[in-house]
Amino acid sequence: MVPDIFHKDFAPTPYWWEAYRPVAGDLVEVPRSAAVAIVGGGYAGLSAALELAKHGIDCVVLEAQELGFGASTRNGGAVSGGVNLGKSYSGRTIGVAPERAERILSDASDAFALIDRLIEEEKIACFWEKPGRFVGAWTRKHFESQSRRLAMLNQAAQSGAYMVSHERQREEIASDYYFGGMVVERSGKLHPALYYQGLLDACRRRNVALCAKAAVGALGRSGVGWRVETSRGALTAGEVVIATNGYTGSLTPALRRRVVPVASHIIATEELPPDLARSLIPKGRTLSDTRRVLCYYRLSPDGARMVFGGRARFTQVDATVSAPILYRYMTDRFQQLRGVRLTHAWTGNVAFTLDALPHMGQREGLHFCLGCNGSGVAMMTYLGWQTARKIARAANYACAYDTEDFPDHPLYTGDPWFLPALGTYYRLRDNLDRLLG
Ligand SMILES: Cc1cc2nc3c(=O)[nH]c(=O)nc-3n(C[C@H](O)[C@H](O)[C@H](O)COP(=O)(O)OP(=O)(O)OC[C@H]3O[C@@H](n4cnc5c(N)ncnc54)[C@H](O)[C@@H]3O)c2cc1C
């Protein structure tokens, strides 16, 4: 451990867990049967369960670990309406036909509206605010390519996006680090673990069975439905929803071949002097950038700490490895933070897809919603909701992410052995881009 960046009370767990810590608690018994069994208890699984319950459909959530173990209590809490859609883990934006792009963005905009509505309807106290986002341009060329995307974002997703020049950048961030960037007004932020807890409470109010420590180990056809084997007993279910995102494993090999689990890491600082904290991000927006190996950051809900994330490594590594790297990224942007100590550092998995788009649908008779591609607070909530509405036959239009084409690759079997090398290569490419402008 590098001593001078770690606070004496440093913990290698999410800062958010100070407010809600995933616990197994008193285990809810796994029922013998349910109309719908949902595998995975993150935002997607809970949002699906909540909507099914609203339609009077009895469902069970089966979570392998504690409730909230996955990315849903570990993320940065930045909520977007689609600005990163199509951006792969290489940072490259994968092209889609304009007509499809419009539908994809329009559904992303609906995802933002859904989370806004859900928080209001379920009265979830999670520090939900809509201050907008600033996406810093890593190079001049990136600034130009951001400018070219404005019209589409504003037309299809009502993003309220506009460019901010390098000269005016200090209105957004107390740093000259970027070549200007893009503001996306229709973006928000929340406390991810409190949002998660709010979804849990909403499910409990509707008597959804929420079963922690119930890893699903096998699925088999049983009559017209499914036999679901869990580590705490078996049940029969009419339908099954797979909501395992970056933790998708050998239970569903066909899905595992279609998602690449990539680690993302975050650090949180000690409380900063109030004047310093207030000065860093004057408008309280969330920030990210256009690098291949992107960073994302914001202030904590009480405005006292910097919460700074990025792909310090593409795989799960110890905080002693990820925290010094993120610390350097943070102080590259904010030299005024040199010397502050870190109280928390943690990691979690996101799921990238080969076309950089989220997906829902059915494979081999199983419903699934997967592939947040790094931005899933609103999107995975939405895909869970859409999946439930499809099952309840309440959907009055086909979601743009519900398509047959969920690409795989003949050389990828679900083991992302190549990620460390890829991460190194992308970091080099980022540095080269910066040098070449
Ligand atoms: C560090 C980090 C930062 C992020 N920052 C942001 C951000 O700022 N904004 C944003 O929009 N998104 C962000 N994300 C992404 C966002 O957190 C995810 O997209 C979202 O939480 C995914 O929700 P989910 O329900 O699909 O999956 P998860 O919350 O990951 O839940 C999946 C669950 O499935 C369970 N599971 C797996 N296999 C089984 C099995 N066989 N049986 C039972 N259960 C199983 C796992 O234990 C896990 O709990 C970030 C993610 C990380 C890791």
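Remember, it's 1-based here, ligands and their atoms both numbered in the order they're listed.
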Under a 3.5 Å threshold, yes or no: a donor from one side chain and an acceptor from the other, between [X] and [Y]?
X	Y	answer
R311	Y426	no
T347	H265	yes
Y397	Q386	yes

Out of [options], whose heavy atom is nearest to [atom]?
atom	options	answer
atom 38 (N) of ligand 1	T244, V262, L46	T244
atom 47 (O) of ligand 1	Q65, E63, R298, E66	E63
atom 31 (O) of ligand 1	G45, S250, G42	G42
atom 11 (O) of ligand 1	G384, G374, A64, G376	G376
atom 21 (O) of ligand 1	A111, P358, S72, G70	S72

Under 4.0 Å from any heavy atom of [X], which atoms of ligand 1 are there?
X	answer
A78	7 (C), 8 (O), 9 (N), 10 (C), 11 (O)
G40	33 (C), 34 (O), 35 (C), 44 (N)
Y247	30 (O), 37 (C), 38 (N), 46 (C)

Would you kindly specify which portion of [X] sits under 4.0 Å from ligand 1, judged on non-hydrogen atoms: side chain, backbone, both or neither?
X	value
A378	neither
Y296	side chain
T286	neither

Hey, what's the ring geometry for H344 with W346, parallel, tilted or perpendicular (30° and 60° as the breaks)?
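Perpendicular.
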Parallel, tilted or perpendicular: which one describes the rings of Y412 and F418, with boundaries at 30° and 60°?
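Geometry flag for F418 against Y412: perpendicular rings.
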Strictly below 4.0 Å, N to O, side chains only: are D116 and K130 in salt-bridge contact?
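A salt bridge links D116 with K130.
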Electrostatic pair R305-E270, nearest N-O below 4.0 angstrom
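A salt bridge is absent here (no side-chain N lies under 4.0 Å from a carboxylate O).
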Would you mind checking which non-hydrogen protein atom is closest to atom 30 (O) of ligand 1, with the distance to 0.1 Å?
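The closest one turns out to be A71 N, 3.0 Å.
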In terms of heavy-atom contacts, does CD of Q362 have more than 12 from other residues, nucleotides or ligands at under 6.0 Å?
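Yes, because the 6.0 Å sphere around CD of Q362 holds more than 12 heavy atoms from other groups.
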Flag yes if more than 12 heavy atoms outside D9 fall under 6.0 Å of its CG atom; otherwise flag no.
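Above 12, so yes.
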Could a heavy atom of G309 be found less than 4.0 Å from some atom of ligand 1?
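Outside the 4.0 Å threshold, so no.
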May I ask whether A215 places a heavy atom under 4.0 Å from ligand 1?
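Checking ligand 1 against A215, which is what was asked, there is a heavy-atom contact under 4.0 Å.
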Does C372 reach ligand 1 with a nitrogen or oxygen that is under 3.5 Å from one of the ligand's nitrogen or oxygen atoms?
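Looking only at distances, the answer is no, because the N/O contact criterion of under 3.5 Å is not met.
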